[in-house]
Amino acid sequence: MSSSSQAFQAPRGTYDILPATSGTVLAVREALAAPLRRAGYGYIETPVFEDVNLFSRGVGESTDIVTKEMFTLTTRSEESQQLALRPEATASVLRATLEANLHRAGNLPVKLWYSGSQYRYERPQKGRYRQFWQVGAEAIGAEDPALDAELIILADDAYRSLGLRNFRILLNSLGDKQCRPVYRQALQDYLRGLDLDEETRRRAEINPLRVLDDKRASVQDQLGGAPMLVDFLCEECKAYHEQVRELLTAAGVAFEDDPKLVRGLDYYTRTTFEFVHDGLGSQSAVGGGGRYDGLSEMIGGPELPSVGWALGVDRTVLALEAEGITLDVPAVTDVFAVPLGEQAKRVLFGAVTQLRRDGVSADLVFGGKGIKAAMKAADRSGARYAIVAGERDLADGVVQLKDLGSGDQTPVALDALVTTLKEKLQ
RNA sequence: GUGGGUGUAGCUCAGCUGGUAGAGCACUGGGUUGUGGUCUCAGGUGUCGCGGGUUCGAGCCCCGUCACUCACCCCA
């Protein structure tokens, strides 16, 4: 609101999910999670904040997420501790796994899924908020191309179940600790010879692969002759990647090889992928993920090769809008009661209570509106039936049951009302 | 962090070279003393984002400020 009569407004970069759209949001979260539930992933919740070092070590000291996008908090204890609102969930999920020794329970991989909000201190714009929601999945403790493929297929299934069609899957391999350093060196040598601004130059030294991702034409124009990671992959990485590709193809999941797909988090190794959609303003990713074989060791755990993804709920909603898809969100109210007079109000209030207890969603008019306004309220509630009753009806022991679709109205004995409605609403 | 755009009724917006603010929708009530979705009649609403300046006079011009928004950057 721009009006000063509103004393408070949602903090910058945040927004409220109101009833008009919350049904869609809930349905999207549910649809993104459904394939995971069918694939053996267990639900996990972790704290919204963690020790800041979990993220700086896990996500990476050189990433923008860590250097400038974290919301931090300081505890009040003597030896004050730095906490941060989670900018992503993978590090938290892995931390929880290690802390509870889930990886020692004997059956790897540990498959987990989550749904929750993440926080990044960024300048907001379309599809990018300071608090946003992700549904994510992690498969921890196994190195198997089938696991990478499984996750990509599950995400593809999730998007398709919502009716989304205009998204693409970008796929790449970032190599492993054998071959990536060699490539990194080669790329760095190349980048040093380019005409780049100071910040990009710095990035080239800390995390040269990310320069490939730069969208600016001034940078992209100079990358034509850059060495490509594909040409540096070791035999193991090549074979691994080829298997992922074959499994996806066999499952009928179309993807595009994108040798420049790097992604912004330091922990990725080998398989990386991104689901992109062009209905998100200048943002493109609706979801993304990859393999992170070294992350466990980075945060003090044993070697636990893992793979995971996160799908953006807000961005999926935008993608649906862009494709003109309206999800079938069931009406919240099936029956709406319109009493005429005080006596009728007591009777219908009782009827509504009984309907609710019997599992029928029912509502009634409040606040002493006139009948015209009350009928209007019934109409707007989306209910299929209205119950109208006044003294005349009650004297006959009936209420008027009106079908709000057709306009047909018939008297129904009051004591038969609940069973009649339950039958009609089957 | 950097740039552009926009702030007028609950919502979407109009408002000419400065002359004291409007439309549609929504809302409330009537036409129908007991019936919505169509029709029709009537009715109310504004610190024109905020603060300052110029002017006889500012929604309009100038300065500042805040908010929203889009893009860069980055990413879900």
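So that the names make sense, note that chain A is the first sequence line, chain B the second, and so on, each numbered from 1. These figures come from a predicted structure and were not determined experimentally.
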If the test is side chain to side chain donor-acceptor pair (under 3.5 Å), which one of A/Trp309, A/Tyr292, A/Tyr41 qualifies with A/Glu138? A/Tyr292
Integer angstrom distance from the [atom1] of [N] to that of [M]:
N      : M      : atom1 : answer
B/rG19 : B/rC60 : P     : 10 Å
B/rU45 : B/rG10 : C1'   : 10 Å
B/rC66 : B/rU20 : C1'   : 26 Å
B/rU32 : B/rU38 : C1'   : 15 Å
B/rC61 : B/rU55 : C1'   : 10 Å

Run the salt bridge (Lys or Arg N to Asp or Glu O under 4.0 Å) test on A/Asp363 and A/Arg356 for me, step by step, so that the C-alpha distance in whole Å, both residues' side-chain angles and the decisive distance to 0.1 Å come before the verdict. CA-CA 9 Å; A/Asp363 200 358; A/Arg356 290 171 176 168; 3.7 Å; yes
So [X], base contact, sugar-phosphate only, or nothing? Heavy-atom distance under 4.0 Å.
X        : result
A/Ala285 : sugar-phosphate
A/Glu69  : sugar-phosphate
A/Tyr129 : base
A/Gly405 : base
A/Gln118 : nothing
A/Ala386 : nothing

Among the nucleotides [options], which one has an atom lying closest to any side-chain atom of [X]?
X        : options                : value
A/Arg128 : B/rA67, B/rG36, B/rA76 : B/rA76
A/Arg380 : B/rG34, B/rA26, B/rC72 : B/rA26
A/Arg315 : B/rG34, B/rC75, B/rU35 : B/rC75
A/Glu274 : B/rA76, B/rU35, B/rG36 : B/rA76
A/Ser282 : B/rG34, B/rG36, B/rC72 : B/rC72
A/Ala373 : B/rG29, B/rU35, B/rC74 : B/rG29
A/Lys402 : B/rG36, B/rA76, B/rC74 : B/rG36
A/Lys126 : B/rG34, B/rC70, B/rC73 : B/rC70
A/Lys376 : B/rG34, B/rC72, B/rG36 : B/rG36
A/Arg120 : B/rG29, B/rA76, B/rA71 : B/rA76

Could you check how far [atom1] of [X] sits from [atom2] of [N], rounded to whole Å?
X        : N      : atom1 : atom2 : answer
A/Phe71  : B/rC75 : CZ    : P     : 17 Å
A/Glu122 : B/rU2  : CD    : P     : 16 Å
A/Leu261 : B/rC74 : CG    : P     : 14 Å
A/Ile371 : B/rU35 : CD1   : P     : 6 Å
A/Lys372 : B/rU38 : NZ    : C1'   : 11 Å
A/Phe8   : B/rC68 : CZ    : P     : 15 Å
A/Gln283 : B/rC73 : CD    : P     : 10 Å
A/Glu88  : B/rC74 : CD    : C1'   : 14 Å

Is NZ or CZ of A/Arg270 both nearer than 6.0 Å to the six-membered ring centre of A/Tyr240 and within 45° of the ring axis?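 Yes, A/Arg270 and A/Tyr240 form such a contact.
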Test side chain to side chain contact (heavy atoms under 4.5 Å, CB included) applied to A/Gln400 and A/Ile387, step by step: CA-CA 6 Å; A/Gln400 302 296 327; A/Ile387 309 166; over 6 Å; no
Does A/Val286 reach the side chain of A/Tyr159, with side-chain heavy atoms less than 4.5 Å apart?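 A side-chain contact exists here, since the closest heavy-atom pair is under 4.5 Å.
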Contact check, side chains of A/Thr46 and A/Tyr114, non-hydrogen atoms, under 4.5 Å: no
Verify side chain to side chain contact (heavy atoms under 4.5 Å, CB included) between A/Val48 and A/Tyr119, making sure each step is shown before the conclusion. CA-CA 9 Å; A/Val48 145; A/Tyr119 304 84; 3.8 Å; yes
Is the distance from the ring center of A/Phe255 to that of A/Phe273 below 6.0 Å? no
Compute the centroid of each ring, for A/Tyr15 and then for A/Tyr129, and state whether the two points are separated by less than 6.0 Å.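 Yes, they do, as the ring centres are separated by less than 6.0 Å.
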Any N/O donor-acceptor pair, [X] side-chain to [N] base, under 3.5 Å:
X        : N      : value
A/Asp379 : B/rG37 : no
A/Gln409 : B/rU35 : yes
A/Gln125 : B/rC73 : yes
A/Arg392 : B/rG34 : yes

Determine, answering yes or no, if A/Trp133 is stacked on B/rA76 under the 5.5 Å centre rule and the 30° plane rule. no
Under 4.0 Å: is that the gap between some side-chain N or O of A/Arg123 and OP1 or OP2 of B/rG1? no
Anything under 30° is parallel, anything over 60° is perpendicular, the rest tilted; go ahead and classify A/Tyr121 against A/Phe71.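 Rings of A/Tyr121 and A/Phe71: perpendicular, over 60°.
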Contiguous Watson-Crick or G-U pair runs (3 or more, under 3.5 Å) in RNA chain B: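 RNA chain B forms these stems: B:1-7 with B:66-72, B:10-13 with B:22-25, B:27-31 with B:39-43, B:49-53 with B:61-65.
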